[in-house]
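To start, the structure under review is shown below, and the notes come after it.
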Amino acid sequence: MTEAPITAVPRRPMAKAWTASRAILAALGIAALIYLPFLLTERAVFGVPLSNGMLLNLGITQINLMLIFMLGALSLNFLTGCAGLISIGHGAFYAVGAMTGAVVGTQWGLPLPVVLVAAALVGALAGVIAGLPSLRVRGLYFVLSTLAAHHIIIFIFQEYQFEFFDVAGVPYTNPALGPMALDTPIRWYFFLLVLVIAVYWGLSNILKSREGRAMRAMHDHELAATAMGADVRILRLKAFALSSAIAAVAGALYAYYLTNATSESFGISFAIQFIAMIIIGGLGSLPGSLFGAAIWLLLPSLISGLAANVGDAPALVRVLLVDNRAQFVQALFGSLVIVLLIFAPGGLPDLSRKLGRLFARERGQ
Amino acid sequence: MFAQVLFSGFALGSIYGLVALGFAVVFKATQVFNFAQGALAVCGAYFAVTAISILGLPFPLAILAMLAASALLGVIIHMTLIQPLSGRSMLAIIMVTIALSIVIRAVIEIIYGPQGRVLSTPLPTGVFIVGDLRMPKLHLTAAATSWVCMAAFGAFFRFTRVGLLMRATADRHEAAMAAGVNVNLMNRLAWAIGSVLAGIGGLFLGQLQIVSTELETIGLLALPAVVIGGLQSIPGAIVGGLLVGMIEQFSSSYISPKSTDIAIYGFLLLILLFRPWGLLGDQETGRV
Amino acid sequence: MKAYNFGSGFRAHMPKAIAAALVLGMATSGALAGDAPKDGVYADHIDWGVIMDLSGPTSSSQGVWTKGLQDYMAMLNENGGVGGRTVNVLAEDGRFNAANDKIAFDKLVSQTPVIALSGFGTSATQVALASEIRDGAVPVIGTYTPTKALSEPTSKMVYNGFCGYKQMADAGVGYMVEKLGLKNPKVMTVAIETAGGKDYADYVAAAVAKYGGTASSTTMKIAAVDVTPQVQQILAEKPDFITIYGIENTAILTMKTMQQYGLDTPGFGITYLGTKSVYNALGAEAGGNYSFISCFTPGGADESDGNKAMVSFADKAGHGDLASNINYVAGWVAGMTAETALKKVDGDLTRASLVSAIEGGFTVDPEGLAAPIVYTPEDHTGPQVLKMFGYDYAKETFVSYGDYADYEKYTK
């Protein structure tokens with residue numbers, strides 16, 4: 001079996017110039033990002049209350065969790081979409097971060113920034129160890145070794161948790177950044193937002209660098225990468241280490257945000273959702289990772305919001321949206337992933353582009 | 001104790017081997033690493049529930065209906081999901097099978113509800129006691145059926161024209177195509193066989209416990225089994241299944257029930273590191 | 001080498017995506033625009049929240065519980081509701097995932113506010129949200145799983161709605177020891193290796209110690225397909241009886257595998273494991289050895305007023321097959337508890353007035369579906385009197401062994 005190159009987002013001319021309209025758009029975007037948490041907390045615009053439906057059934061908790069999942073999606077897309085290494089064990093690196101948080105934060109009582117640095121280091125180390133089989137095996141066999149790594153890491157977490165903590169899980173308390181306690185969702189929001197932007201910026205710079213280009217080349221063709229003077233094996237391990245470090249930091253944040261974590265939180269379906277996110281958003285596209293995470297986290301709420309309104313809808317709609325809403329959301333996501341994989345490997349943006357072209361052609365006729 | 005554990009490892013390993021065999025047939029023919037194999041087992045169990053409890057068919061007829069439905073499901077999956085993806089990246093193919101299992105689970109829960117269903121069959125219950133060794137009849141039936149199926153498919157691949165054609169197609173796609181073999185037909189047949197074998201496994205597991213979407217877990221055991229045995233190897237899948245059954249039973253009895261996952265996957269990791277082509281696999285084809 | 005162009009396509013489609021989102025938002029909001037009082041109390045109805053696993057591995061019990069509560073509220077609404085308002089249940093799905101529970105909790109606290117919450121099937125979630133609830137976010141009346149974090153020490157914000165594991169262990173062990181006439185009983189606990197299982201095994205050990213016996217335990221995975229090694233352990237240790245903690249499948253697998261190996265050690269399950277699907281899966285032979293300890297009486301097991309009313313309403317709602325499910329009854333009784341609490345409030349109904357109205361304690365009369373449930377200012381344990389039930393395969397109904405009053409001695 002060969003690893004066919006993952007279809008990239010087709011090239012489009014990118015306007016480099018900062019026109020006035022672009023600047024205004026950017027400013028509006030930043031203003032919206034700053035206003036969003038206040039809007040979702042106060043649930044009113046200039047004192048005029050908005051209904052839950054107007055706010056699309058969204059809350060600040062979803063946005064914050066979405067930001068935490070964006071870190072995972074970004075790092076997985078960096079690994080899979082860009083470096084061509086497929087990992088089913090990404091959820092386990094979240095568990096590594098949560099476990100590091102339990103030792104460094106909960107047991108040793110060190111502050112959050114130290115926890116995050118430790119999580120990044122332990123995550124990178126775990127990534128290198130889990131990535132070692134990549135020196136020997138490729139493709140499918142590597143995927144399976146990440147699956148094996150997943151089970152081993154989760155087992156360690158479980159043993160650790162039962163040894164030192166309650167069955168109900170590990171508690172994570174008092175997150176603070178120096179003097180500022182992360183005790184409100186809004187503070188979390190800004191902290192996470194900055195972190196996501198920083199990771200995004202860092203990863204896109206890495207991809208533009210010499211090593212990043214070699215990594216892309218490795219993904220497309222190993223020989224080409226070697227011709228560029230890169231040691232492919234080292235490069236692979238580096239990519240794995242970086243990706244797991246980011247996932248581990250996200251895992252520590254996830255545990256702190258929920259204030260409690262158990263080994264059960266990081267099962268195989270937890271890991272699979274990251275793969276779904278990057279497929280929905282588009283493989284190999286960093287903004288696509290953000291988009292995919294947003295869809296994954298927010299769409300269920302939109303559907304619940306709709307479900308609250310069906311009222312006297314036809315029986316089938318009620319069966320799907322009211323009685324079996326949870327199953328319906330699962331089926332919808334599964335089908336979405338299948339449709340995208342078959343018809344639009346570049347994710348939802350790719351699909352909308354293809355549909356747009358289809359409509360344009362029909363109009364032309 | 002030892003003989004007892006050996007027996008239960010053998011009985012369960014036989015069921016795992018059966019499901020793993022279906023997995024290997026599919027992989028050999030279409031290069032699809034099917035994460036939905038567990039979900040196919042669940043489908044088989046629910047087909048049986050539908051035929052027996054809902055439609056009220058007599059047992060032999062119900063089994064035939066269940067086998068036919070499983071085969072049809074395999075063919076449909078190949079036609080609608082796998083064929084359009086041929087030649088695409090491994091991630092796409094793996095992910096489509098994962099997404100498929102998510103959809104199957106959701107659809108089953110919508111149709112049958114999340115509560116488990118009871119599968120009542122006339123299969124024998126009770127136990128043979130030989131000295132200290134206790135052998136449940138149901139385990140014996142499951143093991144015997146598994147071996148009959150495995151032997152039947154072994155003979156099919158070795159001695160029948162279609163079986164030989166399937167093997168030839170799996171080994172050399174282009175040559176088979178040039179020789180005028182309908183490759184798609186062969187692949188569909190492989191998917192039908194894979195789905196039927198999973199379905200039989202699901203039937204027995206559903207009988208040993210209760211039919212619910214949780215039976216999907218067997219997929220997670222068949223998967224290491226097939227890799228340990230050697231991905232491309234049909235006897236390897238059977239040996240792998242038996243080994244996984246043994247590892248599971250021995251680690252659970254002699255270490256702790258918690259240790260089964262890590263014992264199985266730790267062994268898998270060792271195999272991947274030192275003999276990635278599996279115990280009975282072919283080194284050349286194993287280098288994917 | 002290809003030049004990559006991050007997200008240009010995405011950016012080009014951003015306006016369209018935003019437009020689509022706006023249209024969708026408008027469409028949803030059209031119907032929902034209106035008043036949104038802070039505590040979920042409206043002119044004509046009251047919103048009551050539920051957070052349970054409506055999908056995922058635990059949904060077969062928690063989903064049924066939710067239906068029980070919803071059906072009780074539907075019956076209450078048919079009879080005029082509470083104080084001229086109907087009670088509307090907003091049920092959110094946790095899907096066995098703490099993140100979903102957290103989203104659901106914040107939603108019911110502030111987005112679509114509810115007067116109070118019930119349910120909380122996942123114990124890890126209770127632990128995670130315990131401090132927010134204790135600090136007064138929203139009253140929780142009728143929890144599904146009792147956890148220490150939420151219930152100890154007693155908080156004016158939390159009222160348990162299910163029998164506790166300690167009571168289950170005490171009553172179950174007490175009854176079995178007496179029935180089998182045991183002197184130094186040998187007991188084994190079979191539990192899933194997740195939250196609560198270890199606690200339960202400890203409670204059983206403590207209860208067994210009171211009779212001078214010995215207790216051991218073994219664990220299995222929540223999604224186990226085979227428990228042969230666990231049954232081997234039972235075979236080796238030969239306990240007088242076993243007790244099972246877990247999901248339905250845990251009981252089915254354990255009892256069935258024991259039968260397959262020709263073992264007829266009696267066993268009893270915790271309350272959650274007393275369902276028809278367990279007994280049907282076991283069959284008459286293995287099922288005859290199995291009973292369960294419960295503070296709720298399954299539908300059809302006796303002729304009390306509450307039982308008859310529940311069965312007939314469930315039939316009418318198309319849930320007739322659920323009425324005999326212990327989880328459905330527990331949800332139904334949680335509905336009664338919610339009604340009793342709401343009716344304690346004189347005047348303005350808010351979260352604060354509800355909390356202060358019930359602070360001095362209240363008693364729920366489950367009309368025979370359980371022993372009266374007494375909440376005092378110091379004790380919010382909820383249902384504390386349990387009894388043992390079995391199943392009559394010929395009549396297809398549950399049978400209760402004795403009266404609740406006979407069992408009070410075990411839990412006192």
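Chain letters run A, B, ... following the sequence lines, proteins first and then strands; every chain starts at 1.
For a residue to count as touching a neighbouring chain, one of its non-hydrogen atoms must lie under 4.5 Å from one of that chain's; by this rule Phe274(B) touches chain A with the backbone only. For Ile264(B), no part lies under 4.5 angstrom from a heavy atom of chain A. For Val96(B), the parts sitting under 4.5 Å from any heavy atom of chain A are the backbone and the side chain alike. Contact annotation for Ile279(A): only side-chain heavy atoms (C-beta onward) come within less than 4.5 Å of a heavy atom of chain B. Contact of Leu81(B) with chain A is made through backbone and side chain together, with heavy-atom distances under 4.5 Å. Proximity to chain A involves both the backbone and the side chain of Leu272(B), based on heavy atoms less than 4.5 angstrom apart. Of the atoms belonging to Ser256(B), not a single heavy atom falls under 4.5 Å from chain A. For Leu223(B), the part sitting under 4.5 Å from any heavy atom of chain A is the side chain, from C-beta outward, and nothing else. Heavy atoms of Leu336(A) lying under 4.5 Å from chain B are absent altogether.
Taking OG of Ser145(A) as the reference point, atom CD1 of Ile271(B) lies at 13.5 Å (rounded to 0.5 Å). Remark: Ile88(A) CD1 to Leu91(B) CG distance equals 8.5 Å, nearest 0.5 Å. From Leu147(A), atom CG reaches atom CG of Leu269(B) across 10.5 Å, with rounding to the nearest 0.5 Å.
In terms of heavy-atom proximity, Pro84(B) sits nearest to Ile342(A) at CB-CG2, 3.8 Å. Tyr141(A) and Trp277(B) make their closest contact through OH-CA, 4.1 Å (heavy atoms, listed as atom of the first residue, atom of the second, distance). Here the closest non-hydrogen pair linking Ala99(B) and Gly334(A) is CB-O, 3.6 Å.
Chosen from Leu132(A), Val329(A), Ile272(A), the residue pairing most often with chain B at heavy-atom distances under 4.5 Å is Ile272(A). Counting heavy-atom pairs closer than 4.5 Å to chain B, the top residue among Val337(A), Ile275(A), Ile338(A), Leu340(A) is Ile338(A). Heavy-atom pairs under 4.5 Å with chain A were tallied for Asp261(B), Ile110(B), Leu85(B), Leu268(B); the largest tally goes to Ile110(B). Interface check for chain A: of the options Ile262(B), Val103(B), Val227(B), Ile102(B), the most heavy-atom pairs under 4.5 Å are formed by Ile262(B). For the set Ile268(A), Leu332(A), Ile154(A), Ile152(A), the entry with the most heavy-atom pairs within less than 4.5 Å of chain B is Ile152(A).
Side chain of Arg88(B) to main chain of Leu341(A): a donor-acceptor pair is present (N/O by atom type, distance under 3.5 Å, no hydrogens or angles).
In this structure the side chain of Leu140(A) reaches within 4.5 angstrom of the side chain of Phe27(B), judged on heavy atoms. Within the 4.5 Å cutoff, no side-chain heavy atoms of Phe33(B) are placed close to those of Val143(A).
The 12-atom threshold is not exceeded at CZ of Arg233(A), counting heavy atoms of other residues, nucleotides or ligands nearer than 6.0 Å.
Taking Val49(B) as the reference, Ser53(B), Arg117(B), Leu119(B), Val211(B) meet the side chain to side chain contact (heavy atoms under 4.5 Å, CB included) condition, with sequence neighbours excluded.
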